[in-house]
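See below for the structure under consideration.
Residue numbers begin at 1 in each chain, while the letters A, B, ... track the order of the sequences.
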Amino acid sequence: MSSLHLYNTLTRSVEPFVAKVPGEARVYVCGPTVYDIAHAGNARPAVVFDVLVRHLAAKGNRVTYVRNLTDVDDKIVERARERGEEPLALSARMAPIYQADMRALGCAAPTHEPKVSETIPEIVALVATLVANGSAYVAEMPSGARDVYFSVRSFEGYGKLSRRQIDELEVGARVEANESKRDPLDFALWKGCSTDDAFGWASPWGKGRPGWHIECSAMSAKFLGHGFDIHGGGMDLIFPHHENEIAQSEAAHPGEGPLARVWMHNGFLNVDKEKMSKSLGNFVRPCDIYESNDPEALRWVYLSVQYRGPLSFDLEKTDTRVVYPGVDEAERRVDYVYATLDRLHAAAASADDVEPGAKELAAFARVIDGARKRVEAALDDDLNTPVALAVVGELAKASNELCDTLEKRRKDARLLAVGGALAVRAEVALRSSLDVLGLLHTTAEAYAERTRERRLRVRGLDVATVSAKIAERVAARAAKDFARADVLRAELDASGVELADGKDGTQWRVRV
RNA sequence: GGCGAGGUAGCCAAGUGGUUAGGCAACGGUUUGCAAAACCGUCAUACGCGGGUUCGAAUCCCGUCCUCGCCUCCA
């Protein structure tokens, strides 16, 4: 068994993963701020770290996976005010949408999914600890409200994650004017409310709410303790969010070592080489993509690139709708793998207890029996999912070739028995490889049904019309009227329906 | 300005010193009444540019051009 190596932002190098407690892995990932529906960029870390967690578990680790939901935040307050809604009502509405979008993408629910609003006592206690040991101070605002700030210069290791020098930060800092801060670099742990009816919670410093970074320090400590194994999130969180998390948590636990041993950061989605973002307006949401494509195809797209690099996400606007060529391509691959799984399952039926010895199948056996280990090795190499997908592709190809061979030589009972046994192994290897990637979670039938339904809708077709034309063509073929049959085929093809004439009649499917 | 990522065949994308990445598109073939699917083959001795180290470099070193990100809310 190979061993897992991960790129650690803290050391800027790939290093062997060594869990604090052998056999256990504690992972914390920064979840979304639920002020709006997630866009496709927000979903990347969910997929990336879902694969990490699956891989850790497949390697025999007991994994505790925490991904928070930030439901208290300036953006939420602002958006809620715009809509005349209570902040917590807004976030309570958005959180389930996020969860459903991620579930559709094949992301398993985290072990714990804490909310800021349910962690207030822990946050207040953490802030109080930092005030008590001199890492933070209370500042009176002109309005009479009291804020609490973290004193950045009091923390010796500040900048170690993002490799920033405090003094250089200060020069280039675009810092909001705030006279109550002792140093422009200091950041808020607690924001006091200026009026009593404002949104907030009671605290030793009056009514208020947590600053942006403190929540994650409190929530990770609550469920994982100080000094857990892996902390993940998007690259834009390195500074200031994760830098500040480190400062707060390590200042609150002096002498207890680093907050997390490994820091992992995923790259962004790019549209036309620019970062996908709300402010640029160049974003699409998973729920938009699900109109055109299967969620599993979108997941395939995320996995087709190594997680640290940028992922270029293409979209093209047609007259009537937006299409996603990359997702379309991925969906054809998903189709292919589901179809392969189906064929293998059929071929496996002829498996029999025979001693192996079919020389002509030896090459297939090599590919099939080596595949799962190659997937593991790829994931061990800092989650090299593109290579893992390549292995899946090679396994599927060998599987199809095996099935072709068995169909061609269906009279050879011994070969069928040996080949069937091989098909059983191929099916297991393929399933297991896809499982660790979180792909192909449903049955081929269910997938075919839901994609057919969606593709018909997208193309404005209905089953009755298609079926009628197919029936007409079947009759024409039976009457050897191939000219008429070909006209009907061409018509269907033009509308996006592909036909496959087989021994068991004519099958059809709608193109992506 | 500081820190960081990247430029690999028509397109997407692995690979960090020597032996096939993989996929898509295109074209040719096996199969088929014709097709589709599947499979085989071609495109593919490609690695931004210029030097250097080496028996050997996409991979290491120096220089250089370009793209993008973070430094302000951001996955």
Side-chain angles (χ1 to χ4, degrees), chain A residues 9 12 14 29-33 35 38-49 73-75 78 159 162-165 167-169 171-176 212 232-241 243 265-270 272-280 283 300-301 304-314 325-326 328-330 332-333 335-336 339-340 343 374 378 381 384-394 396-405 407-408 477 480-483 485-486 489-490 492-493 497-502 506-509 511:
Chain A
T9 306
R12 308 283 156 112
V14 176
V29 174
C30 286
T33 299
Y35 71 105
H39 66 66
N42 303 131
R44 172 123 97 142
V47 172
V48 165
F49 293 105
D73 168 270
D74 285 351
K75 273 205 297 276
E78 195 180 316
S162 55
R163 309 234 163 157
R164 279 164 164 81
Q165 308 292 323
D167 296 324
E168 287 172 10
L169 272 174
V171 169
R174 286 177 265 176
V175 184
E176 61 184 287
W212 174 31
M235 276 185 173
D236 48 1
L237 296 182
I238 295 173
F239 189 87
H241 185 57
E243 198 67 63
H265 295 94
N266 64 275
F268 305 121
L269 262 62
N270 284 171
D272 289 333
K273 301 200 169 177
E274 278 188 317
K275 177 182 174 182
M276 179 185 287
S277 70
K278 290 254 155 106
S279 48
L280 284 168
F283 65 94
W300 190 289
V301 169
S304 65
V305 186
Q306 210 270 348
Y307 74 92
R308 280 195 282 134
L311 194 166
S312 39
F313 193 90
D314 299 330
D328 283 349
E329 186 182 322
R332 288 183 208 107
R333 295 298 286 168
D335 282 6
Y336 168 73
T340 303
R343 283 187 87 185
R374 289 174 64 206
D381 180 17
N384 196 332
T385 52
V387 167
L389 284 181
V391 174
V392 165
E394 286 170 27
K397 187 187 276 195
S399 300
N400 277 304
E401 209 176 337
L402 170 67
C403 292
D404 282 353
T405 305
E407 279 163 27
K408 262 182 218 144
R477 288 182 79 217
K480 301 267 186 230
D481 182 359
F482 291 121
D486 288 350
R489 175 203 286 292
L492 285 163
D493 189 74
V497 176
E498 284 175 354
L499 303 179
D501 299 321
T506 296
Q507 306 290 315
W508 63 278
R509 57 183 213 148
R511 270 200 299 274

Going by modelled atom types, is there a donor-acceptor pair between the base of [N] and the side chain of [X] at under 3.5 Å?
X: A:Arg477; N: B:G33; result: yes
X: A:Arg12; N: B:C3; result: no
X: A:Arg332; N: B:C24; result: no
X: A:Arg44; N: B:A75; result: no

For RNA chain B, the expected dot-bracket line (Watson-Crick or G-U under 3.5 Å, [ ] crossing, | inter-strand) is ((((((((.[[[..)..(...]]].(((((.......))))).....[[[[[..)....]]]]])))))))....

When you check the phosphate oxygens OP1 and OP2 of B:A75, does a side-chain N or O of A:Asn42 lie under 4.0 Å from one of them?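 Checking B:A75 against A:Asn42, a side-chain N or O does come within under 4.0 Å of OP1 or OP2.
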
Does A:Lys397 have a side-chain nitrogen or oxygen under 4.0 Å from the phosphate oxygens OP1 or OP2 of B:C40?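 True: A:Lys397 side-chain N/O within range (under 4.0 Å) of B:C40 OP1/OP2.
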
Examine distances only and state if a side-chain atom of A:Gln306 and a backbone atom of A:Asn384 form a donor-acceptor pair shorter than 3.5 Å.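 No: the side chain of A:Gln306 does not pair with the backbone of A:Asn384.
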
Short side-chain to backbone donor-acceptor contact, A:Asn42 and A:His39, under 3.5 Å: yes

Grab the CG-P distance between A:Asn270 and B:U67 for me, whole Å please.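 One finds 14 Å between P of B:U67 and CG of A:Asn270, rounded.
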
How does protein reach along nucleotides 10-17 of chain B, written 5' to 3' as B (base within reach of a heavy atom under 4.0 Å), S (only sugar-phosphate), or - (no contact)? --SSSS--

Can you tell me if A:Phe268 is stacked onto the base of B:G69, using a 5.5 Å centroid cut-off and an angle below 30°?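 Base of B:G69: not stacked against A:Phe268.
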
